[in-house]
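The structure presented is a predicted model; accordingly, all values stated were derived computationally and were not measured. Numbers restart at 1 for each chain; the letters A, B, ... are given by sequence-line order, proteins then strands.
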Protein chains: 2
Amino acid sequence: MRLLDVSARLFAESGFDSVSLRLITENAEANLAAVNYHFGSKEELITAVVEKLVGPVNQRRLALLRKINLDISGACESIVEAFIDPVIQAASRGDEEDQRYCKLMSRCIASRDERVTSLVLRQFPEVLAKFVDALRSVCPWISSDEAHMRIMFMAGAMAHSLFHHDKLVIISEGRCEIASLDGLRDELVQFISAGMSAGTSKSV
Amino acid sequence: MRLLDVSARLFAESGFDSVSLRLITENAEANLAAVNYHFGSKEELITAVVEKLVGPVNQRRLALLRKINLDISGACESIVEAFIDPVIQAASRGDEEDQRYCKLMSRCIASRDERVTSLVLRQFPEVLAKFVDALRSVCPWISSDEAHMRIMFMAGAMAHSLFHHDKLVIISEGRCEIASLDGLRDELVQFISAGMSAGTSKSV
DNA sequence: AAATCAATTAAACGTTTGTTTGAATTCTCC
DNA sequence: GGAGAATTCAAACAAACGTTTAATTGATTT
């Protein structure tokens, strides 16, 4: 569906609310009423865009997680990779469509709009539970509450850096070079893996 | 100013765009034209709210950072605390005004609206540079680019968890208890400190 | 007491938004 | 090739938005 692709692109650039149906239908060379005819409403269009984006990522996360041998060393890093790589790989084709994918994904995860977060979080309990179990299997000293929080930290670090990492060179006023998406991924894995396997706060 | 407080409360709950000037002025028991008269426009009202919120936090961050003795062990943890505590402490009064403060702060940091991010990032280059220097002083094996990224990870993890940590009990479907703000802080410090002092990805 | 400035008020303005309507068009299948 | 469903189209709709205006009130100064 052409409307879905155009919507995803425009949503990535400007956010869900800022993009009007008129802008979408013009870019898709369709009539204004097309969205309401095919999707029913703008909100259902957003739902379709978000679910098309988030669904495959979560399924791939679970698939990668199942393949991990939790008994060998480096398993914690593999868990982090299983969470992050489905997002990075889906965007790592090299063209500038990647940036849009990253921005849109970041908008979904870091959205503060209940209508969007409810969509994203709908599929997340299963993912969260599986990753908590895996993490606690590798790092038994982590309590259940801690594991839940750390996965939340991971999601936040990823979403934030996905959206802002291309601005770093500006924010740092030239003191930092732009890193490739794969470079960002490596740094994310390194940072989060260390955080995941950290000791409990009470025992320090 | 009564308008500022009411605006901050409503912005925290529903976001900057979703809150209309009519809702603000009604809650503030003022006339609709009050915002345009005192601030000029809605955008300038948002500017005032954001800067009043973000400014003191960044100044407090820098003040805390200056007090750190970078030579002693545990300095890395202190750096992380200097970044996070100004946010937590400003919200840690115990009442439910805290949640609103957290949500608003999180909305500022994780906003994807250029008009908001430009306000937040305006003061950030100095903070970023100082924290990068401090971090690299404590962890000399970290490159400049890495340090910049890791501080971005820290901001993301904090912003995300500030907004969603009260939803964790729901998302986890009861498998996780709600943590206090101070508890969240301790977990954040623990997680991020470990990530900050992690080795370089290339050397592993 | 009159005059000047600041602040508040009610009302209307022009735009933009998502949505709906009914006719026109295209496509599908017998 | 024609009946019928599916789609596209131009137009209008009502609602909500930020903003502006002009009149009114209140306080301060002359």
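B:Asp5 pairs by the salt bridge (Lys or Arg N to Asp or Glu O under 4.0 Å) definition with B:Lys52, not counting sequence neighbours. Shown here are the ring pair (Phe, Tyr, Trp, His ring centres under 6.0 Å) partners of A:Phe83, two or more places apart in sequence or in another chain: A:Phe131. For B:His148, the ring pair (Phe, Tyr, Trp, His ring centres under 6.0 Å) test picks out no residue, with sequence neighbours left out.
For the atom pair B:Lys103 NZ and B:Cys108 SG, the distance stands at 14.0 Å (nearest 0.5 Å). Between the CD atom of A:Glu77 and the CD1 atom of A:Ile79 there is a distance of 11.0 Å, given to the nearest 0.5 Å.
With no hydrogens or angles considered, no side-chain donor-acceptor pair links B:Glu44 and B:Thr47 at under 3.5 Å. Side-chain atoms of A:Arg112 and A:Thr117 include no donor-acceptor pair closer than 3.5 Å.
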Could you go through residues 177-184 of chain B and list every donor-acceptor pair under 3.5 Å that involves a side-chain atom there, pairing it with any protein atom two or more places apart or in another chain?
| from | atom 1 | to | atom 2 | distance (Å) |
| --- | --- | --- | --- | --- |
| B:Ser180 | OG | B:Gly183 | N | 3.0 |
| B:Asp182 | OD1 | B:Ser92 | OG | 3.2 |

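Within the 4.0 Å cut-off from OP1 or OP2 of D:dA6, not a single side-chain nitrogen or oxygen of A:His38 is found.
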Report, as a single string ordered 5' to 3', how protein heavy atoms within less than 4.0 Å touch nucleotides 15-26 of chain D: B base, S sugar-phosphate only, - not at all.
--BBBB------
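Sorted by residue number, the list of members of residues 4-14 of chain B with any non-hydrogen atom under 4.0 Å from DNA chain D is empty.
Look at CZ on A:Phe39: it is 16 Å from C1' on D:dA6, rounded to the nearest Å. Rounded to whole angstrom, the span from the CZ atom of B:Arg2 across to the C1' atom of C:dT8 amounts to 16 Å.
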